[in-house]
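Here is the structure we will look at, set down as structure tokens.
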Amino acid sequence: MNILMIGGTGFIGFQLILRLLNVSGHNLYLLARSPEKAHHLLSRLEAHHRQRIHILHGDITQPGLGLSPIQAAELQGRIGIVIHMAACLRFEERARAQLFATNVEGTRHVLDFASGIRAGQLHYISTAYTVGTREHGVEELYPLDGRFNNPYEESKVAAEQLVFSYRSRMSVCIYRPSIVIGDSRTGEADSSFSFYGLLLTLEAFRNRAARTGDDGSQSYRIAASPNEKLNVVPVDYVCDVIESGLRCGTNGTIYHITHPSPPAIGSMLELAFSHVGFPNPEYVSPEQIPEWTKEERQLAKLTAVFSPYLTQKTCFDDGNTLHLLRQNGLKPLQLDFRAVESIIGRYSGLRKAASPDPSEMLIQH
């Protein structure tokens, strides 16, 4: 099977590529905007795998994905599956135009291209947080006029609507992962996004605090709802579900890739604070913001992008996903807090990553 992957150079994309290359008969065509990222990806693959992956330099914000007519003609009738996971991940309002240009119009270009080369299937990687401010996530399309925490969520809802509008031209499936963490077996997480974005943000704050005399014993307050849940899923489970969908996903179906019994927000925040060398935080209600200290105001500013996900009560249906897993002989996710703690504890990114841009780090592809 020839598979065209759009935006596969990220954390989830690389793990999925490894899965697909380990299946006999799959050849991958990878559309990448950055030659540097594509080269880095190839350098991480074994030689016999590199022979089965073809790099196409393009851009989803351009009609035809920025490919030449000759390149498009070469793919005509040769691609069975298109996997679209490219996205702009910024959350702030000032990035709205960029978000919609990439996530909505870019998705339109991918759909038109897939239809034009007569691909049989398109699999779109979205996010569980298209749920917006609702407390209950369902495996259905959400309306465009819903309430959202940021324009990223809004852009992904619009993209999902577009994807479903093409289901008479090809089989389409949508996958909605929640907050993706490392591999449940190895802890591998080559990522500065997702929960690791919060770790990096806290490390940047710790380093700043240390320069002003904090020896690591100071406790800080943070706006959070510690008894609500933070829905985290390991990357290998995300790949299990997507790979299952490639085999027998149903046209016009949405699959939540979420944790059925996620850990408490307080437990995850204490894990994050401990990981960077801070005492446990003190929690305050978002409705009762106290008079912050200067340092707490800095922390609140740095973590503002994460705030909706640290205060919101949300649960997710996953009936479609459970049925898909049963079809493929796989079990539902079983991941207790001790396992989550082990995964996060093996993250080494803090020692090598630069200070992050917190505006683009909680949800990751």
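Just so we're clear, the structure is a prediction, and the values are computed from it rather than from any experiment.
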Verify, without hydrogens or angle tests, whether [X] (side chain) and [Y] (backbone) share a donor-acceptor contact under 3.5 angstrom.
{"X": "Ser34", "Y": "Lys37", "answer": "yes"}
{"X": "Ser342", "Y": "Arg338", "answer": "no"}
{"X": "His109", "Y": "Leu65", "answer": "no"}
{"X": "Ser244", "Y": "Asp240", "answer": "yes"}
{"X": "Ser274", "Y": "Leu271", "answer": "no"}
{"X": "Asn328", "Y": "Leu330", "answer": "no"}
{"X": "Thr212", "Y": "Ala209", "answer": "yes"}
{"X": "Asp214", "Y": "Ala210", "answer": "no"}
{"X": "Tyr347", "Y": "Tyr196", "answer": "no"}
{"X": "Thr102", "Y": "Leu99", "answer": "no"}

Close side-chain approach of [X] and [Y], heavy atoms under 4.5 Å:
{"X": "Ile3", "Y": "Leu20", "answer": "yes"}
{"X": "Leu21", "Y": "Arg52", "answer": "yes"}
{"X": "Val284", "Y": "Trp292", "answer": "yes"}
{"X": "Val340", "Y": "Asp336", "answer": "no"}
{"X": "Leu41", "Y": "Ile53", "answer": "yes"}
{"X": "Pro263", "Y": "Val232", "answer": "yes"}
{"X": "Leu199", "Y": "Ile344", "answer": "yes"}
{"X": "Phe100", "Y": "Glu154", "answer": "yes"}

ask   = Taking it one step at a time, do Gln312 and Glu228 satisfy side chain to side chain contact (heavy atoms under 4.5 Å, CB included)?
value = CA-CA 7 Å; Gln312 186 172 324; Glu228 299 301 342; over 6 Å; no

Nearest non-hydrogen partners of [X] and [Y], listed with the distance:
{"X": "Val157", "Y": "Pro143", "value": "CG1-O, 3.8 Å"}
{"X": "Gly182", "Y": "Ala189", "value": "CA-CB, 3.8 Å"}
{"X": "Leu141", "Y": "Gln161", "value": "CD1-OE1, 3.7 Å"}
{"X": "Pro234", "Y": "Leu335", "value": "CD-CD2, 3.7 Å"}
{"X": "Arg221", "Y": "Thr293", "value": "NH2-N, 4.1 Å"}
{"X": "Gly137", "Y": "Val131", "value": "CA-CG2, 3.7 Å"}

task = Please lay out, stage by stage, how Val110 and Leu122 fare under the test side chain to side chain contact (heavy atoms under 4.5 Å, CB included).
result = CA-CA 9 Å; Val110 171; Leu122 183 131; 3.9 Å; yes

query = Taking only residues two or more places apart in sequence, or in another chain, which ones meet Lys331 in a side-chain contact (heavy atoms from CB on, under 4.5 Å)?
reply =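 For Lys331 there are no side-chain contact (heavy atoms from CB on, under 4.5 Å) partners, ignoring immediate neighbours.
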
Looking only at side chains, do [X] and [Y] share a donor and an acceptor under 3.5 Å apart?
{"X": "His123", "Y": "Gln121", "answer": "yes"}
{"X": "Gln71", "Y": "Tyr29", "answer": "no"}
{"X": "Asp112", "Y": "Tyr166", "answer": "yes"}
{"X": "Glu160", "Y": "Ser126", "answer": "yes"}

task = Go through the structure and list residues passing side chain to side chain donor-acceptor pair (under 3.5 Å) with Asn2, not counting sequence neighbours.
result =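 Asn2 satisfies side chain to side chain donor-acceptor pair (under 3.5 Å) with no other residue.
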
ask   = Angle class for the Phe278/Tyr220 ring planes (parallel below 30°, perpendicular above 60°, tilted otherwise)?
value =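 Correct class here is perpendicular.
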
Quick one: pull up [atom1] in [X] and [atom2] in [Y] and give me the separation to the nearest 0.5 Å.
{"X": "His136", "Y": "Arg134", "atom1": "NE2", "atom2": "CZ", "result": "11.5 Å"}
{"X": "Thr311", "Y": "Phe306", "atom1": "OG1", "atom2": "CZ", "result": "13.0 Å"}
{"X": "Cys239", "Y": "Leu16", "atom1": "SG", "atom2": "CG", "result": "5.0 Å"}
{"X": "Arg118", "Y": "Gln76", "atom1": "CZ", "atom2": "CD", "result": "4.5 Å"}
{"X": "Leu31", "Y": "Leu67", "atom1": "CG", "atom2": "CG", "result": "5.5 Å"}
{"X": "Leu162", "Y": "Asn103", "atom1": "CG", "atom2": "CG", "result": "11.0 Å"}

key: Intermediate values then yes/no, salt bridge (charged side-chain N to carboxylate O under 4.0 Å, His left out), Glu74 and Arg78   = CA-CA 8 Å; Glu74 290 175 348; Arg78 297 184 61 188; over 6 Å; no

Sequence-distant partners of [X], salt bridge (Lys or Arg N to Asp or Glu O under 4.0 Å), two or more places apart:
{"X": "Arg33", "answer": "none"}
{"X": "Arg44", "answer": "Glu188, Asp190"}
{"X": "Glu93", "answer": "Arg96"}

query = Going by an N to O cut-off under 4.0 Å, is there a salt bridge joining Asp236 and Arg19?
reply =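 So Asp236 does not pair with Arg19 through a salt bridge.
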
task = Evaluate whether atom CG of Leu144 has more than 12 neighbouring non-hydrogen atoms of other residues, nucleotides or ligands under 6.0 angstrom away.
result =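 Yes, CG of Leu144 has more than 12 neighbouring heavy atoms, counting only those of other groups under 6.0 Å.
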
Heavy-atom neighbours of Gln327 CD exceed 12 at 6.0 Å =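 Atom CD in Gln327 is crowded, with more than 12 foreign heavy atoms closer than 6.0 Å.
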
message = Under the side-chain hydrogen bond (donor to acceptor under 3.5 Å, both in side chains) test against Lys156, which residue among Tyr129, Tyr142, Tyr124 passes?
response =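 Only one of Tyr129, Tyr142, Tyr124 forms a side-chain hydrogen bond (donor to acceptor under 3.5 Å, both in side chains) with Lys156, namely Tyr124.
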
task = Identify the residue among Leu325, Asn320, Val233 that makes a side chain to side chain contact (heavy atoms under 4.5 Å, CB included) with Val241.
result =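 Looking at Leu325, Asn320, Val233, the match for Val241 under the side chain to side chain contact (heavy atoms under 4.5 Å, CB included) is Leu325.
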
request  = Can you tell me which residue pairs pass the side chain to side chain donor-acceptor pair (under 3.5 Å) test with a partner in residues 249-261, sequence neighbours excluded?
outcome  =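 Applying side chain to side chain donor-acceptor pair (under 3.5 Å) to every pair that reaches into residues 249-261, excluding sequence neighbours, yields Arg176-His256.
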
inquiry  = What verdict does the side chain to side chain contact (heavy atoms under 4.5 Å, CB included) test give for Val238 and Ile125, after you've listed the backbone C-alpha separation in whole Å, the side-chain angles of each residue and the deciding distance to 0.1 Å?
reply    = CA-CA 10 Å; Val238 175; Ile125 316 304; 5.9 Å; no

message = When you measure from the centre of the six-membered ring of Phe205, is the NZ or CZ of Arg208 closer than 6.0 Å and no more than 45° off the axis?
response =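 The answer is no, since Arg208 fails at least one limit relative to Phe205.
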
task = Take Cys248 and Leu324 through the side chain to side chain contact (heavy atoms under 4.5 Å, CB included) test and state the conclusion after the steps.
result = CA-CA 8 Å; Cys248 53; Leu324 180 65; 4.0 Å; yes

